[in-house]
Number of protein chains: 2
Amino acid sequence: MNNIETTENIFVHFEKFIPLSETLKSELSKRIKPVEFKKGALVLDANTICTKSYFVNKGILRTYFIKDGKEISEYFSGVAEWVNSPRSFMQRKKDIYYIDAIEHTETYFINVNDLVYLFDNFPEMERYSRLSMGTLFGHFMERIASMRFTSAKERYDHFQRVYADIYHRIPLGMVASYLGITQETLSRIRAEK
Amino acid sequence: MNNIETTENIFVHFEKFIPLSETLKSELSKRIKPVEFKKGALVLDANTICTKSYFVNKGILRTYFIKDGKEISEYFSGVAEWVNSPRSFMQRKKDIYYIDAIEHTETYFINVNDLVYLFDNFPEMERYSRLSMGTLFGHFMERIASMRFTSAKERYDHFQRVYADIYHRIPLGMVASYLGITQETLSRIRAEK
DNA sequence: CATAACTTTTGACCTACATCAAATAATCAC
DNA sequence: GTGATTATTTGATGTAGGTCAAAAGTTATG
């Protein structure tokens, strides 16, 4: 596969938000490169600054942090999503988030410097960024609400719906910490179905 | 106060993220207008589309939704923040959020159409939007984490720190639903200090 | 393919917070 | 100001989900 082909999926993604000129397409193709991760591979260490954003083409990336020695899953990537450590990536400083690959995962990545170049030269990229973040906002608000006002079982049901195609590939302990419950409780919830 | 004066605070806010040209300042001044709300006034009804974004200069706005007949507070504005119903405002459709004024509140507002005009004609406004949203992201992620892994008391302590200057002006019931606990529990937490 | 190293399940018991109910205290409207 | 609302506190009791511990199942590695 040449690079133009590999970035087709990404173009489709961008075009949900902005039209892509040929010039921009070519600039994107030059700057977006494929990289794969083996199952269990660490994609980002919290002790480093996140300088790359990964677009998941196949597989699952997980964002997590460590609290009291335990890994707390914050987020699972679906396919066709950018994954990075937001504050680290945008503000070029360390943050608490690790990223790893739950299974063998194919991604394309862009370096923060290249992205900044695109922001500086293609105002539509700024627009893309604003619009795509906007949709994420709603998800965040819903999740905050659900953490406060729904039972563990309701949250698990919702999780299964949102992650319908991948939830069974994520280890139980990771799902539990994502939902804010213990493994034992999640195991019992599963059992009584 | 003429309008140029009233928008000074907002200029300071913008300049935390982007430099403001004189042209842009003048365009902003033309489009940003003051409006005040009495204590208890409804700023946005969930049954309508949110077409204005409010910049709080004095007072407190609250975003809430209704679940099982009860008001659940989602967010309290600090001073110098934009408040709107994000998905409604950005996607021009109804959403579940109401906004009201907890006390007499002074704001400046901009209409969504005017904002779109600015986005279309001043790429730096897109950049402002991207950067300012970026900082909010971190707050959302922290709140999601805190809802899952901290006790009611810890969340209340954190709330007091974050809203140090206004927390005592917000009625207990509203604080409780914001924290995801009952009024009774919050009352007991307060009592034992 | 065997043993080590995780992951998931099951059980007993405990606690933080919810629910329901009723008594005060504060605020509002006339 | 005074009665009517509305907000807050206090008490008794219930329960979802936590903790600790150990067994059973699964996956990885030499």
Side-chain angles (χ1 to χ4, degrees), chain A residues 37-42 59-60 62 64 66-73 76 98 100-104 144-160 166-193, chain B residues 37-42 59-60 62 64 66-73 76 98 100-104 144-160 166-193:
Chain A
F37 297 98
K38 283 187 211 150
K39 177 172 180 170
L42 192 64
I60 309 172
R62 171 180 70 132
Y64 66 95
I66 292 182
K67 176 169 165 122
D68 303 332
K70 285 183 206 146
E71 296 181 358
I72 309 291
S73 299
F76 304 107
Y98 297 77
D100 67 2
I102 289 183
E103 54 187 41
H104 185 95
I144 290 172
S146 90
M147 283 300 161
R148 284 182 296 179
F149 298 105
T150 57
S151 68
K153 180 164 190 332
E154 284 174 298
R155 274 178 275 156
Y156 180 60
D157 289 345
H158 183 252
F159 170 79
Q160 285 186 305
I166 58 168
Y167 80 90
H168 55 282
R169 281 144 54 191
I170 304 172
L172 173 136
M174 293 184 188
V175 174
S177 71
Y178 174 86
L179 296 174
I181 58 180
T182 59
Q183 302 194 23
E184 295 93 325
T185 297
L186 181 52
S187 176
R188 282 182 246 263
I189 288 171
R190 277 190 180 173
E192 71 195 26
K193 290 223 179 183
Chain B
F37 298 97
K38 283 187 211 151
K39 177 173 180 169
L42 192 65
I60 308 173
R62 171 181 71 130
Y64 66 97
I66 292 183
K67 176 172 165 119
D68 302 333
K70 286 185 206 145
E71 296 180 358
I72 309 291
S73 298
F76 304 107
Y98 297 77
D100 67 2
I102 288 184
E103 54 187 40
H104 185 96
I144 289 172
S146 89
M147 282 301 161
R148 285 183 295 179
F149 298 104
T150 57
S151 68
K153 180 164 190 329
E154 284 174 298
R155 275 178 274 157
Y156 180 61
D157 289 345
H158 183 252
F159 170 80
Q160 285 185 303
I166 59 169
Y167 80 89
H168 55 282
R169 282 143 54 191
I170 304 173
L172 173 134
M174 293 184 187
V175 174
S177 70
Y178 174 87
L179 296 175
I181 57 180
T182 58
Q183 302 193 25
E184 294 93 324
T185 297
L186 181 52
S187 176
R188 283 181 245 263
I189 287 171
R190 276 191 180 170
E192 72 195 25
K193 289 220 181 190

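Letters A, B, ... mirror the listed sequences (proteins, then strands); counts begin at 1. The basis for the numbers below is simple: all heavy atoms, side chains too, and nothing from hydrogens, waters or symmetry mates.
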Can you measure [X] atom [atom1] to [N] atom [atom2] for me and round it to whole angstrom units?
X         : N       : atom1 : atom2 : result
His168(B) : dA7(D)  : NE2   : P     : 19 Å
Gln183(B) : dT9(D)  : CD    : P     : 9 Å
Arg148(A) : dA18(C) : CZ    : C1'   : 16 Å
Arg169(A) : dT26(D) : CZ    : C1'   : 19 Å
Glu192(A) : dT9(C)  : CD    : C1'   : 13 Å
Arg190(A) : dG17(D) : CZ    : P     : 16 Å
Ile181(A) : dT19(D) : CD1   : P     : 12 Å
Ile189(A) : dA16(D) : CD1   : P     : 11 Å

From CG (Leu179(B)) to NE2 (His158(B)), nearest 0.5 Å: 10.5 Å

Measure the spacing between CE of Met174(B) and OH of Tyr64(B) and express it to the nearest 0.5 Å. 8.0 Å

Report the nucleotide, chosen from [options], that has the shortest atom-to-atom distance to any side-chain atom of [X].
X         : options                   : result
Ser187(A) : dT8(C), dA18(C), dT9(D)   : dT8(C)
Pro171(A) : dT8(C), dT8(D), dG17(D)   : dT8(C)
Thr185(A) : dT10(D), dT19(C), dG17(D) : dG17(D)
Ser151(A) : dC28(C), dC17(C), dG17(D) : dG17(D)

Please evaluate the base of dG18(D) for a donor-acceptor partner in the side chain of Arg188(A) within a cut-off of under 3.5 Å? no

Donor-acceptor pair (no angle test) under 3.5 Å: Glu184(B) side chain, dC20(C) base: yes

The test is side-chain contact (heavy atoms from CB on, under 4.5 Å); show your working for Gln160(B) and Asp157(B) and say whether it passes. CA-CA 5 Å; Gln160(B) 285 185 303; Asp157(B) 289 345; 3.8 Å; yes

Would you say dC28(C) has OP1 or OP2 under 4.0 Å from some side-chain N or O of Lys39(B)? yes

Check whether any side-chain nitrogen or oxygen of Thr182(A) sits under 4.0 Å from OP1 or OP2 of dG18(D), and answer yes or no. yes

Presence of salt bridge, Arg62(B) and Glu71(B), under 4.0 angstrom: yes

Which part of the nucleic acid does Gly180(B) contact within heavy-atom distance under 4.0 Å: base, sugar-phosphate only, or nothing? sugar-phosphate

Ring-plane angle category for Tyr167(B) and Phe159(B), please: parallel below 30°, perpendicular beyond 60°, tilted otherwise. perpendicular

